[in-house]
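Since the structure comes first, as structure tokens, the remarks are kept for the end.
Each ligand, and each atom within it, is numbered from 1 in the order the structure gives.
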Amino acid sequence: MAIETRLEQLTAHRAAELLRQGAISSVELTHAVLERITQCEPKIHAYLTVTAELALEQAKRADEQLADARKTGDHPSHTFGTGFGAPLLGVPMTIKDVISTQGVTTTAGSRILENFVPVYDATVIEKLKAAGAHLIGKTNPDEFAMGSSTENSGYGVTHNPWDLERVPGGSSGGSAAAMAADEGVFSLGTDTGGSVRQPASLTSTVGLRPSYGRVSRWGVIAFASSLDQVGPMTKDVRDAALILSVIAGHDARDSTTVNTPAPNYLMGLETGDWRLDGMRVGVPREYFVEGMAREVEVTIRNAIAHLESLGAEIHAVSLPHTEYALPTYYLLAPAEASANLARYDGVKYGPRADVAGDVWDVIRATRGRGFGPEVKRRIMLGTYALSAGYYDAYYLKAQKVRTLIKRDFDQAFDQVDVLVSAASPVPPFRIGEKADDPLQMYLADVFTLAQPLAGIPAISLPAGFSDGLPIGLQIMARAFEEEKMLHVAYAYEQTTEWHERKPNLRG
Ligand code: GLN
């Protein structure tokens with residue numbers, strides 16, 4: 001059978017289909033991806049660990065299962081939810097190094113976890129494995145997912161495949177770069193304040209942040225627990241829906257997951273009808289701000305016009321507290337981080353500084369050496385915001401503003417079905433450009449901080465280019481209305497060509 005593209009370029013849903021038909025084998029597919037990794041990594045550095053041997057072993061086993069299924073006529077279906085429980089059988093997965101993988105080093109991009117090998121899989125990994133996927137490697141993040149460029153990793157920077165001098169975004173920059181360069185089939189990232197959507201925007205890939213509580217955080221190294229969510233990072237919208245369908249759902253080990261069954265997000269994307277008649281699309285005034293790159297604004301306005309041409313009704317809306325999202329996030333996230341990171345003391349995990357003195361000297365030296373500058377900055381910010389005397393003025397106040405931000409969205413979603421904006425105010429910036437100026441770096445997140453504060457889902461997908469540099473469209477929905485968001489995203493994707501472009505990595 002003729003395959004339309006090189007194996008490493010396949011999406012997960014297409015790969016699963018070809019595997020099921022016997023048109024390709026999992027070993028072939030895994031080999032192709034590993035070869036691509038070998039070829040690209042010297043330039044890109046998306047991965048911290050590549051589990052080549054393990055991946056090939058598991059691919060072999062998947063091929064046996066696929067062959068058995070074909071013999072007995074018990075075909076594993078590629079369509080999720082049709083009975084057979086392995087929609088990803090034989091498909092390799094690329095995982096952000098913040099998510100625990102049993103027996104495979106998991107560093108969170110930090111030197112303080114350089115020798116940490118989890119003894120269990122995160123729930124999301126368990127679910128993906130149960131769906132038939134196998135691990136191919138772990139990707140480079142900003143340390144503890146703190147950053148917007150992947151420059152804060154303790155293990156070197158990741159380069160943007162569209163321009164190697166530029167950042168891939170962050171903190172899931174390794175996953176995003178791997179998707180853009182076809183160094184993987186699908187990936188998982190984590191999004192606390194934009195870390196799935198902003199790098200997707202900067203690499204012309206798809207990144208979906210689910211509603212808070214939709215996906216289990218068990219086994220995910222914590223940054224800010226009231227904001228952290230795991231999300232699919234993929235090459236198209238359909239894969240985002242497929243992977244979300246696999247990882248979503250209640251988990252008894254994470255009491256913040258909701259108890260309602262997760263829908264099959266692929267349903268509704270099968271219709272082939274891209275009309276959006278009756279869909280009310282809101283354009284929040286506050287998401288077109290000064291400081292936003294002109295070409296980003298033009299691209300997003302064009303995308304809105306495109307949605308209108310598909311039949312959507314466009315409404316101007318207001319989210320009046322938007323300007324407070326950044327200060328609110330940068331109080332609450334560091335506050336939670338300062339508590340979560342207290343566990344890294346050289347006793348429970350990771351390396352221990354070998355110094356003379358008492359236990360406090362050891363802890364001080366371990367943390368002093370193990371944490372990078374951004375992590376230390378966050379711990380100090382967070383500790384300050386939580387300290388007696390400042391708690392009311394900062395932490396408590398920020399919690400109140402968080403409620404106002406959530407109310408803005410509630411009111412907007414009384415008028416419209418989805419909201420659209422840019423995912424990043426600028427196209428990918430140069431490596432080093434913002435590295436010395438934390439405030440400039442924090443501004444890279446202006447459009448992706450309010451949604452986690454409100455607990456709502458949002459997706460970024462390819463929407464255009466400026467001088468060859470990617471620009472992403474963000475679509476948001478009310479909490480647990482991922483289907484609506486995916487419907488609009490899919491219609492946009494299927495009637496535009498941006499997602500088909502690939503970076504030129506030769507030369
Ligand atoms: N860039 C934001 C930060 O540095 C968001 C990071 C994230 O979503 N993990 O906190």
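- Counting all heavy atoms, side chain and backbone alike, I99 lies closest to T106 at O-CG2, 3.6 Å.
- Around ligand 1 you find A145, M146, G147, S148, S171, D191, T192, G193, G194, S195, F223, Y329, Y330, R378, D445, each with a heavy-atom distance below 4.0 Å.
- Within 6.0 Å of the OH atom in Y287, the count of heavy atoms belonging to other residues, nucleotides or ligands exceeds 12.
- Ring geometry for W498 versus F465: interplanar angle of 30 to 60°, hence tilted.
- For the pairing with K138, the side-chain hydrogen bond (donor to acceptor under 3.5 Å, both in side chains) check across T107, T105, T101 returns one residue only, T101.
- No donor-acceptor contact under 3.5 angstrom links the side chains of Y265 and R238, judged on distance only.
- If you check the side chains of S171 and D142, you find no donor sitting under 3.5 Å from an acceptor.
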